[in-house]
Amino acid sequence: MMAEVNLRFPDGAIRPVEKGTTGKDLAASISKSLAKKAIAMMLDGELVDLADPIEEDADIRIITRADAEALELIRHDCAHVMAEAVQELWPGTQVTIGPVIENGFYYDFDKAEPFQPDDLPKIEAKMQEIIARNAPFTKEVWSRDEAKRYFSEAGEDYKMELIDAIPTGEDVKIYKQGDWLDLCRGPHMTSTGHIGKAFKLMKVAGAYWRGDAKNPMLQRIYGTAWAGEPELKEHLHRIEEAEKRDHRKLGREMDLFHFQEEAPGSVFWHAKGWTLFQQLISYMRRRQQAAGYVEVNSPDMMEKHFWETSGHWENYGENMFTTELPDERVFCCKPMNCPGHVQIYKHGLKSYRELPVRIAEFGKVHRYEPSGALHGLLRVRHFTQDDANVFLTEEQLEDECLAINDLMLSIYEDFGFHEIVVKLSTRPEKRIGADALWDRAEAVMADVLKRIEAEGGDRIKTEIFPGEGAFYGPKFEYVLRDAIGRDWQCGTTQVDFNLPGRLGAIYIDQNSDKQTPVMIHRAMFGSLERFTCILIENFSGHLPFWIAPVQAVVATIVSDADDYAREVARKLTQAGLRVETDLRNEKINLKVREHSLQKVPVLLIAGRREAEEGTVSIRRLGSPKQEILPIAEAIKLLTDDAVPPDIRRAQAAQKEAAE
């Protein structure tokens, strides 16, 4: 009698089958229709080949192309087909690695000649041929010697290195698709035909082997693949829209900032960009003051031993800028503000009655990023955080985390972000502090996460990311979804039971004993540079009127109206608006086009008639309509529009209280 294993299906049904039954056999035994559609299976939560034998009791689910899990397989298989296509077109090209990434895949190639832009359509056409062959994917397990001998004879030097990197005792897996094969962990679908036609090769880029600049430069081809044509079309539209919204392009057009090689990863803010930056700081300053924070400023450079004590040197040292003075003292540019805030907290003995103590700083921090990782305002080496650290008792921790959460959600709402994901990241492998402290911190944050989910309604989602916390404590990350469906990680709340003790922070409890406070690291915009980028791209440069660096331009139709235009601009400026004039001897249509390109929200047009009547013609960005108003009414209209949302709420509350 054959041995049996018990399989539990998603509906709870348990079915005994012969040990060694494959997923393909199982699907066929259920129905012919399922056997045709099945491409893989989930065994105890792990995605595996449909041809794998089932050797023990397990939870099982047959995966079809309609399931969400199929998308990763489609992309993985598409990468293999791309590699085969390249080697068919250019024999002698070496293939290295080809992982699935967000929205697609890539493969790195060692090819004698560089790929040309018109090579991508050729590769796509060859891929269509391979997919049409519908060759089965089959897995074989080879000995190390057999695998090395095969790839050595094939001239695949990189595969030899990959085989050497496979841990002892782990199988060397080879996947074949027809006559072509590659070293791969798997899994794969049952055949190339399941990939479909919804894929596109996007670009060619350089990439060092193993990401190390000391290694050979390879050529990387990026591709995207989806379950169907509508999803591919939507993705390509998002990319096209994202290119239009690229903050680097809009930053040039709007004259906000620039970068240059002499200061890699550092922003040169122009006057308009710096005005926008300061508007964000002013807004956040008001919100923090209202929430009970005091603003401080800590040194940009401190001695190395200070960072060794804090734990940053051990856990973050490779990302820190240092300098050695003639007296051999080594100083570090601060990568974070928190150790400086501890020093400020320590000046003056604190009672438990004074806690929480909330310290905020718009501090510029300095972190080394490899040059290849730098990307506009998104990834820089020097940036400003709306940073704060809260010192409190363990009993106050849950309420404070919830108060910070409410403040963050309100801030994101003010900037038009309504879909938020709150992620709890737990202890990483490389960390400081005893496990007991981590247990306490994670338990509190897990409870807070449940309350955030319960109180957040449909617009707030929550997730848990094991192992992704900071080295000193678990954290919440706030992820915003923008106007075209992209996700951006912004604010963080990080609980720290470790740093205050390492740096000697204390408070006096109700029994007159010394205690170590808990510390919350908190940033709401995160990096102001990054948040500025997110705003520019989310609004496609058409920023909300209240933070636009230039809110209005007074443009003349004829030179006879120049004096009147200057007077209008003066009155608008006196009313608190940010205004420029355009008195050039150019046609008004040219002026409208140029200021529209610079995303100026409002144009006030003045000609002879407006000067005679004391009016202005108002044209808003993106609208073909014009409105003619007396200057006093125009000023009131625009100053009302320019009130920041937090001040507007405060005014409404005062009015309601007065009534």
Side-chain angles (χ1 to χ4, degrees), residues 280-302 306-307 309-312 316 332-366 383-408 410-411 441 444-445 470 472-476 478 490-509 514-528 531 646:
L280 293 176
I281 286 179
S282 295
Y283 167 84
M284 186 59 73
R285 182 171 281 134
R286 292 193 303 270
R287 299 303 309 269
Q288 290 182 155
Q289 287 175 345
Y293 290 83
V294 295
E295 189 175 327
V296 302
N297 189 262
S298 60
D300 281 347
M301 298 188 71
M302 292 179 278
F306 183 78
W307 300 100
T309 303
S310 72
H312 287 85
Y316 206 76
C332 302
C333 294
K334 65 176 178 181
M336 300 173 188
N337 296 300
C338 41
H341 290 185
V342 176
Q343 306 314 304
I344 294 171
Y345 168 86
K346 286 167 60 178
H347 271 252
L349 198 59
K350 303 293 189 299
S351 163
Y352 72 95
R353 294 188 181 91
E354 298 174 70
L355 304 185
V357 171
R358 304 179 182 94
I359 296 175
E361 177 178 5
F362 296 103
K364 191 161 192 175
V365 296
H366 313 265
F383 57 93
T384 303
Q385 290 185 304
D386 61 327
D387 209 358
N389 288 280
V390 182
F391 299 85
L392 68 170
T393 68
E394 194 169 340
E395 293 72 26
Q396 295 169 324
L397 183 57
E398 185 168 338
D399 286 344
E400 190 68 18
C401 285
L402 285 167
I404 291 170
N405 173 75
D406 292 344
L407 181 58
M408 282 205 197
S410 170
I411 286 167
V444 170
M445 296 192 79
Y472 48 75
K475 63 181 178 179
F476 290 136
Y478 288 75
C490 284
T492 59
T493 301
Q494 305 174 9
V495 173
D496 189 346
F497 279 75
N498 294 292
L499 188 63
R502 292 174 75 104
L503 294 180
I506 63 167
Y507 69 92
I508 305 301
D509 69 11
K514 293 180 179 180
Q515 301 291 344
T516 302
V518 182
M519 187 173 179
I520 297 176
H521 308 258
R522 184 240 69 191
M524 294 188 283
F525 288 154
S527 152
L528 270 87
F531 195 75
D646 60 310

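Count residues from 1 along the sequence. No hydrogens, no waters, no symmetry mates; every other heavy atom, side chains included, goes into these values.
Between the side chain of Ser310 and the main chain of His312, a donor-acceptor pair closer than 3.5 Å is present. A donor-acceptor pair under 3.5 Å is absent between the side-chain atoms of Asp496 and the main chain of Met519, judged by distance alone. Under a 3.5 Å cut-off, the side chain of Gln289 and the backbone N or O of Arg286 do not form any donor-acceptor pair.
When the ring pair (Phe, Tyr, Trp, His ring centres under 6.0 Å) test is applied to His341, no partner is found at least two apart in sequence or on another chain. With sequence neighbours excluded, the residues that form a side chain to side chain contact (heavy atoms under 4.5 Å, CB included) with Ala505 are Val342, Tyr345, Lys346, Pro500, Pro517. Every residue meeting the ring pair (Phe, Tyr, Trp, His ring centres under 6.0 Å) condition with Phe531, not counting sequence neighbours, appears here in chain and number order: Phe415, Phe525.
Side-chain contact between Leu528 and Met284 is absent, with no heavy-atom pair separated by less than 4.5 Å. Counting only heavy atoms from C-beta outward, the side chains of Phe306 and Cys332 never approach each other to under 4.5 Å. Put simply, the side chain of Tyr316 reaches to within 4.5 Å of the side chain of Met336, judged on heavy atoms. By the 4.5 Å heavy-atom criterion applied to side chains, Gln494 and Cys338 are not counted as neighbours. By the 4.5 Å heavy-atom criterion applied to side chains, Phe383 and Gln385 are counted as neighbours. Annotation: side chain of Glu400 is not in contact with side chain of Val518 (no heavy-atom distance under 4.5 Å). Side-chain contact between Arg522 and Tyr293: present, with at least one pair of heavy atoms (C-beta onward) separated by less than 4.5 Å. Put simply, the side chain of Gln288 reaches to within 4.5 Å of the side chain of Phe362, judged on heavy atoms.
Judged by distance alone, the side chains of Gln343 and Ser298 never bring a donor and an acceptor atom under 3.5 Å apart.
Counting all heavy atoms, side chain and backbone alike, Gln396 lies closest to Pro356 at NE2-CD, 3.6 Å. Closest heavy-atom contact between Lys514 and Ile506: CD-CD1, 3.7 Å.
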CA sep, side-chain torsions, deciding dist, call: Cys490, Met408, side-chain contact (heavy atoms from CB on, under 4.5 Å): CA-CA 10 Å; Cys490 284; Met408 282 205 197; over 6 Å; no
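In this structure, the separation between CG on Leu355 and NZ on Lys350 is 9.0 Å, given to the nearest 0.5 Å.
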